[in-house]
Amino acid sequence: MEFKERDIISLKDFSRAEIDYILDTASIMEPIAHSGSDLLSGKILATLFFEPSTRTRLSFESAMHRLGGSTIGFGEVESSSVKKGENLADTMRVVECYADIIVVRHPLEGAARLAAEFASVPVINGGSGAEEHPTQALLDLYTIKKEKGKIDGLKIALVGDLRYGRTVHSLAYALSLYEVNLFFVSPEMLCMRREVLEDIKEKICVIEKDKLDDIIGDVDVLYMTRIQKERFPEVADYAKVRGSYRVDLKLLENARENMILLHPLPRVEEIAPEVDDTIHARYFQQVWNGIVTRMGLLALIMGKIE
Ligand code: NCD
């Protein structure tokens, strides 16, 4: 298994053994995240965010600092030379001189892969349009494994915007490597991308639904997502599906007692605030798990953990 200098662009590029190895490395990072370390001392991470972000960028920065490394980058295009018309290829060729590893978030699908082709240092996809968000899916898997002790044998529902939501695409690819039953719950207009469905349906059992009530009593993991308003070509279409699903205390009355509720965040309307105090909520734990998962990845890619 080789992680050193590897780009992380799509979870389609990874085997189950590799993903398990990343999850095991993340758990090794739990105590180190508290104590701090100098494992990546002298190393520089660049975060190039051409789209808004709170969690992913700060999580990578926090992970790098906890490993003794440092970070540079920009969080908005307004403050970079992209504003002057610089293309992605030139930006990558410049930033590779400043950093040992680069995280890129970009509104265009394929941009992360392109960025990796131009950079001689490893590139991590921090979100490529509506396509993929591999590190979010890895932390989601880590959370499931930590909370449930396993991934195999679980019934998992991905709910909401399965068309424009990138986290669910990466998560579906990864989950298809395990023995799980998947439910995709969405309005017709936001159904799971056909290319993802085609790729995974040979490997695992997938059932598509449009009502949350139909599956709430059956699942071990409920993964809610935000309707991705900013990616709709027509605002009128967003109005048709806005608020399609909402997890509240009433809905949870029918859930299994040990069902866990995940969300990549930010949430808007899809989880009622009073749900935060229930035994199901795990979305703020996911945030912590994101730090240790990214610490593990950075250490593996920098070749500091075999
Ligand atoms: C997600 C994203 O950017 O795709 N956020 C995140 O990274 N945790 C989900 C979203 O924006 O809805």
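Indexing begins at 1, ligand by ligand and atom by atom, following the structure's order.
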Fill in: Per-atom contacts of ligand 1 with Arg105, taking only distances under 4.0 Å to non-hydrogen atoms
3 (O), 7 (O)

Worksheet item: What class does the angle between the rings of Tyr283 and His263 fall in, given that below 30° is parallel, 30 to 60° is tilted and above 60° is perpendicular?
Response: perpendicular

Worksheet item: Parallel, tilted or perpendicular: which describes the rings of Trp288 and His34, with under 30° parallel and over 60° perpendicular?
Response: parallel

Fill in: Cation over ring face, Arg6 and Phe14, 6.0 Å, 45°
yes

Of all the non-hydrogen atoms in the protein, which one sits nearest to [atom], and at what distance?
atom                    : answer
atom 5 (N) of ligand 1  : Leu265 O, 3.0 Å
atom 11 (O) of ligand 1 : Arg226 NH2, 2.9 Å
atom 4 (O) of ligand 1  : Arg166 NE, 2.7 Å

Item to complete: Using distance alone, decide if ligand 1 has a nitrogen or oxygen within less than 3.5 Å of any nitrogen or oxygen in Gln228.
Response: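 Yes; the residue has a nitrogen or oxygen that sits under 3.5 Å from a nitrogen or oxygen of the ligand.
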
Worksheet item: Is Glu208 salt-bridged to Arg194, cutoff N-O under 4.0 Å?
Response: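 Answer for the salt bridge query: yes.
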
Worksheet item: Is the shortest side-chain N to carboxylate O distance from Arg242 to Glu269 below 4.0 Å?
Response: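 Here Arg242 pairs with Glu269 in a salt bridge, since their nearest N and O are under 4.0 Å apart.
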
Worksheet item: Any non-hydrogen atom of Pro266 lying under 4.0 Å from ligand 1?
Response: yes

